[in-house]
Amino acid sequence: ASLDADYKKKSVQVTQKFEDDPRPAKKSEPVIHSYNVETLAHLQYRAGVKVSLRDLGNHRIQFQFHSFQITEIIDGEEVDFTPKPLPNESYVVQFMKFNLTFLHQMTNFSVVLGKSQGGRSRTRSSMRAGIGGNKKSIDDLIQGIIYENINFDPYSQKESVELSRQPRPYLKSFVKITLRKTEFIELHSQPQTTVAKGTPEAEETEKDNRTYDYLTLGKGKIRRRADNDAQTDTVLVTTRAVNTIMLTQATVSSYVSNYEMYDTLNQVTKPVYSMGVVIKETSGTQTDNVEAGVEEEEAVAEMDQLFNQKERLLKSPEFRNAIMFMGRTLSSNTNEAGMRRFRNFNQVDRCATDAEYTYSMSVLFRLIPEPSKDERKAVSDIDFCRSNGDILAVAYGLYSFSSQRVPTSGSVFLWSIKNPGEPERAYYYDVPVTAICFSPFLPSLLAIGMYDGSVEVRDVSSLQDVPIAVSQRSTSPGCSPVVCIRWIKQVNDGDEEADIDPFLTLSEDGSVTRFRIIKSPYLLGFSQMTLERIEGHPEGIYVAPSSRIPCESNRRPQGLSLTPHPTQKDIYYILTDEGCIHKCSINYQHQYLEVLRCHDGGVTVMEFSPWSPKLFLTCGNDWYVRIWIDGITRPLLELLDDMTPVHWAKWSPTHSTIIVSINRESANIWDIRRNILRPMSKHKMDSSFNTVARWVSFLFSLTFDLRPIPYRFSHCGKSLVIGNERGNTLFNAINNMPFSPHFQYDELEKAIYKAIGNNHELIMELKSAGFFGYPNKKAVF
């Protein structure tokens, strides 16, 4: 019996038939799968008999084995509320259909697998099994084990393929489900809004409710209210820029006599004297016969006293400094953007991808002077202080000496970038001012040249409106306008006390005068050079002689400008209206060393490159800007754009290949590394004609010593100041410029050789000149 039970539980049944078996064959019964038997037994097990009974109030529940019944007594009657059970038979039928469908699909899969492995099955079908001599292939055994239908028939030669491929259905009535813990997910949360009375939260809530009732319904309703939106106090604050002095109060003792104490206690006034009559007033009594002129004299005396106080206040240095500081503070509110750009606060990153090289120019602010004597004066000269780049001196007077109308007065204003609205200092003269120049050795000294030939020196750091020294006719008999002033460095032995460095002045009549400041209210001056007209054809450009016989009205040429040599302190150059440059020395009076014709007209500016003591540019009235090198008598480059005289031209302090030129109408920016045929950009600043211009400079470092040592500067090169004939001074910012090269001299040399590449003779002369830069290829400003 135990063996029969084991055979039934197994999933493989083996049927054997033997011919010699004496027992008769029994009728075969249908075989039921063991899983089907277990499922049916489980269903019968669930349908049990009642086992217990329980009453819960009006509800009565009868429990059966794996089942229950719910009844409820309503109006004395028992009502059954037990839910209907699920039909087990329909559930079993549905479950069996699903299993049969799944097995049918698996059967088709085995057929396909059998076709694909047909060759291997035929090969192995010839192999005989060792159990009873039956012919079974290894594939048949594997499939029989999987589908539980192996049949060993040793006497039958016919293989039942169809029966071997019909699987048995899966009849078990349950599915295994595994439950695992997942993360906590909050779908809805409703916090509690009530608390128990007596807790701290409840007491705080009740206190808040009582306060609300007191302010809205109780006595607290009647209280003072304001109609303003915000009931906050206005607090007046000041910025750090306003430096105010705190007023301190103290009790100070003073000596008084008994009479003064008596008069004070009894309110006795002092006698009033009028027209020699004494009128006494005592407390409690009033005099009726007061003369009518007493009140008028008191009013006049009070007005005179106020006027005198006002005059003293305006002349007070402390009051003038206070007004100046207050003006700077107010001006910073309206010109903040221009000041930030002037200080170069917003630098362009070299790694920026949106950088554009458009060479643009924009106006930061204007310096507009107050007209004196209702006359419009042109900007004749501009100069920056050497030690403080914020201070700018502007001369107002006459620029073009061929003007039909000459102003009757002139002025010099000292402007500060901290207050572009009003000047810090103002000096007025009865004649137009034509030239000014700050001393590079003593930055507070300013030399001023007049239209009548007089010269004076002022200390701009002093509030007194008195010059240090002025010229006199006995030492400087010239009466022509002073067109240029340049300070020169004197060589001291070191044993004796060093004097103030002298300066040179150039007059319109071609005379150069050297002035020295001595311990006297007058300047000590003597004649340094007197120019003569050039005869013949000097070195330089060729100018064809005129067909007419010239008849000059003056036997001396007209001087236009002075330029000192950057390295040789005793050498200076004089520019004339003949188009020539005269090389002179302070050691040789009344004679010049060399003459070079640069233009077919007047030469207005000569400027050495900051990266070369031999390379310089010139501009003149023949519309050209030419670049020269010392030792070669013909120009390396010629720049021409507008057919107008060029008033001013300078090298850029930050780019060795960029030049800025100014004519009457526009400002041109040239880049000889990119193009020498036309400027990179042209800008028209104002409707009035331009006169002069200056680069903005900032102080880099100072060296203090017992001996006078020159100051060193670093020119920012990103701002340009231009004056015009209307008297306005424009601060212009140069934007969208190329980044400065690391090796400035190399870029300059490469650009020059590239520009003259077609002229082989000029290239040979330039190569013979050799290295033309400063030692270590540095820049000198």
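Quick caveat, the model's predicted, so the values are computed rather than measured. Counting begins at 1 with the first residue of the sequence.
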Run the salt-bridge test on [X] and [Y] with the 4.0 Å N-O cut-off and return the result as yes or no.
| X | Y | result |
| --- | --- | --- |
| Glu456 | Arg458 | yes |
| Asp641 | Lys682 | yes |
| Asp577 | Arg556 | no |
| Arg328 | Glu424 | yes |

Considering residues, nucleotides and ligands other than [X], do more than 12 of their heavy atoms fall under 6.0 Å from its [atom1]?
| X | atom1 | value |
| --- | --- | --- |
| Tyr588 | OH | no |
| Glu532 | CD | yes |
| Asn735 | CG | yes |
| Arg320 | CZ | no |
| Gln568 | CD | yes |

Review point. Which atom names give the shortest non-hydrogen contact between Ile722 and Ile382, and what distance separates them?
Key: C-CD1, 4.4 Å
**Study point:** Phe503 and Phe515 aromatic ring geometry - parallel, tilted or perpendicular at 30°/60° bounds
**Key:** parallel
Review point. Parallel, tilted or perpendicular: which fits the ring planes of Phe384 and Phe731, with parallel below 30° and perpendicular above 60°?
Key: perpendicular
Review point. Does the pair Ile448 and Val457 meet the rule for a side chain to side chain contact (heavy atoms under 4.5 Å, CB included), with working shown?
Key: CA-CA 6 Å; Ile448 304 173; Val457 178; over 6 Å; no
Exercise for review: Nearest 0.5 Å please: distance from the CD atom of Glu594 over to the SG atom of Cys580.
Suggested key: 13.0 Å
Practice item. To the nearest 0.5 Å, tell me how far Thr729 OG1 sits from Arg366 CZ. Key: 10.5 Å
Point to revise | ring-ring contact (aromatic ring centres under 6.0 Å, His included) partners for Tyr429, two or more places apart | key: none
Practice item. Return the set of residues passing side chain to side chain donor-acceptor pair (under 3.5 Å) with Trp648 (not counting sequence neighbours), or none when no residue passes. Key: none
**Study point:** Pair listing, salt bridge (Lys or Arg N to Asp or Glu O under 4.0 Å) test, anchored in residues 647-672, at least two apart
**Key:** Glu607-Lys650, Asp671-Arg674
Check your understanding: Are the ring centres of His683 and Tyr359 closer than 6.0 Å?
Key -> no
Exercise for review: Could you check Tyr592, Tyr573, Tyr572 and say which one makes a side-chain contact (heavy atoms from CB on, under 4.5 Å) with Lys583?
Suggested key: Tyr573
